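One structure is given below, encoded as structure tokens.
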Amino acid sequence: MRYTTLLLGGLLSTLAFTIQASNHNHDHDHVHKEESAASVAAHEHGVASLNLVLDGQNVILELQSPAANIVGFEHLPTSETDLATTKQARHRLEQAQNLFVFSAAAACILEESEAESSLFTGAGVEHDDHGARGIAHADIDARFHFACANPDALQEIEVKLFDAFPNTEKLLLQAITPKGQQGGELTPAQSVIRL
């Protein structure tokens, strides 16, 4: 997973630098307002971000989502129902071959998957004024590495996250491929990434 994280981090840093450089000619107040809006939207229920990098035979995907989109809540799971829901969600995320359907001719297989959250580990516990335990604004981060035997045949990826996690209403996509950079929004009605 270390290779995946390093590759994705480096390529996404390049994307962020390119976007920042292209915005540099705009009025600085305008840029700061956009950054403030982006940071507020970073934890918007129903909305998640999906980053994709296609590098040779490797397809790296990174999902960042409010926990409410994935498990339906953001508090520390303490009931049997919450614990079961959290465990099931983590298992679904780690079975990423069911969440992303690649062009068949590309022959892509899941190499690695990892899902992380304070809900999974119990870290980040906070107490409210009444001593109740909870987590404010918990997120879930997941990373997936697929290897494609024939990456030139990869034309599209169908994203089935909306079926698996119906509280997810929109994915903000950023992609880096040999053809360039692309961005956009995916929804339950438009859930295919065209490469």
Side-chain angles (χ1 to χ4, degrees), residues 4 8 11-12 15-16 19 34 37-54 58-75 77 81-120 135 137-146 148 151 153-177 179-195:
T4 301
L8 184 62
L11 291 172
L12 289 175
L15 176 62
I19 291 170
E34 284 181 0
S39 64
V40 170
H43 190 92
E44 181 182 346
H45 291 190
V47 179
S49 66
L50 182 65
N51 300 316
L52 178 149
V53 175
L54 174 58
N58 299 296
V59 178
I60 312 298
L61 293 141
E62 180 181 67
L63 174 70
Q64 297 171 321
S65 176
N69 298 351
I70 305 297
V71 297
F73 56 86
E74 295 185 337
H75 59 271
T81 301
D82 287 354
L83 289 167
T85 299
T86 303
K87 183 177 180 179
Q88 181 183 30
R90 186 176 194 179
H91 178 74
R92 277 187 183 163
L93 285 169
E94 291 175 346
Q95 301 299 311
Q97 70 275 10
N98 299 322
L99 302 175
F100 303 98
V101 178
F102 294 79
S103 304
C108 300
I109 58 167
L110 180 64
E111 291 284 320
E112 296 177 272
S113 64
E114 178 180 47
E116 299 174 343
S117 175
S118 55
L119 296 183
F120 301 152
I135 297 177
H137 301 297
D139 291 326
I140 294 178
D141 297 322
R143 285 169 292 286
F144 316 104
H145 173 201
F146 290 85
C148 301
L154 183 55
Q155 300 297 314
E156 63 183 34
I157 303 171
E158 183 180 359
V159 178
K160 298 209 170 231
L161 282 161
F162 301 106
D163 297 332
F165 307 108
N167 291 333
T168 303
E169 300 166 4
K170 179 170 42 174
L171 290 172
L172 305 177
L173 174 68
Q174 290 185 52
I176 301 173
T177 71
K179 296 178 183 176
Q181 302 169 5
Q182 70 180 25
E185 292 182 0
L186 299 174
T187 64
Q190 177 56 295
S191 61
V192 176
I193 303 170
R194 308 222 184 267
L195 301 168

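All figures in this text were calculated on a predicted structure; none of them were measured in a lab.
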Worksheet item: Per the side-chain contact (heavy atoms from CB on, under 4.5 Å) rule, which among Asp141, Asn98, Ile140 passes with Leu93?
Response: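 Exactly one pass, corresponding to Ile140.
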Is any side-chain heavy atom of [Y] closer than 4.5 Å to one of [X]?
X	Y	value
Leu52	Ile157	yes
Leu172	Glu185	yes
Gln182	Leu173	yes
Phe100	Val59	no
Phe146	Ile109	no

So which atom in [X] and which in [Y] form the shortest heavy-atom distance, rounded to 0.1 Å?
X	Y	result
Leu119	Glu74	CD2-O, 3.7 Å
Phe165	Arg92	CZ-CB, 3.7 Å
His145	Asn58	NE2-OD1, 2.7 Å
Leu186	Val159	CD1-CG2, 3.8 Å
Glu94	Leu110	O-CD2, 3.8 Å
Pro66	Val47	CD-O, 3.2 Å

Just verifying a value: how many Å separate [X] [atom1] and [Y] [atom2], rounded to the nearest 0.5 Å?
X	Y	atom1	atom2	value
Gln64	Asn51	CD	CG	6.0 Å
Phe144	Glu112	CZ	CD	12.0 Å
Leu154	Thr177	CG	OG1	9.5 Å
Phe162	Leu171	CZ	CG	3.5 Å
Leu61	Leu63	CG	CG	9.0 Å
Asp163	Glu158	CG	CD	7.5 Å

Discussion item. Using only atom types and a distance under 3.5 Å, with no angle test, would you say the side chain of Ser118 pairs donor to acceptor with the backbone of Ala138?
Written reply: no
Discussion item. Taking Gly46's backbone N and O only, do any of them form a donor-acceptor pair with Thr168's side chain (distance below 3.5 Å, no angle check)?
Written reply: no
Practice prompt. Using the side-chain hydrogen bond (donor to acceptor under 3.5 Å, both in side chains) rule, take Asn167 and His45 through it: C-alpha gap first, then chi angles, then the decisive distance, then the call.
Written response: CA-CA 8 Å; Asn167 291 333; His45 291 190; over 6 Å; no
Worksheet item: Given Arg143 and Glu116, is the side chain to side chain contact (heavy atoms under 4.5 Å, CB included) satisfied, shown in steps?
Response: CA-CA 9 Å; Arg143 285 169 292 286; Glu116 299 174 343; 2.8 Å; yes
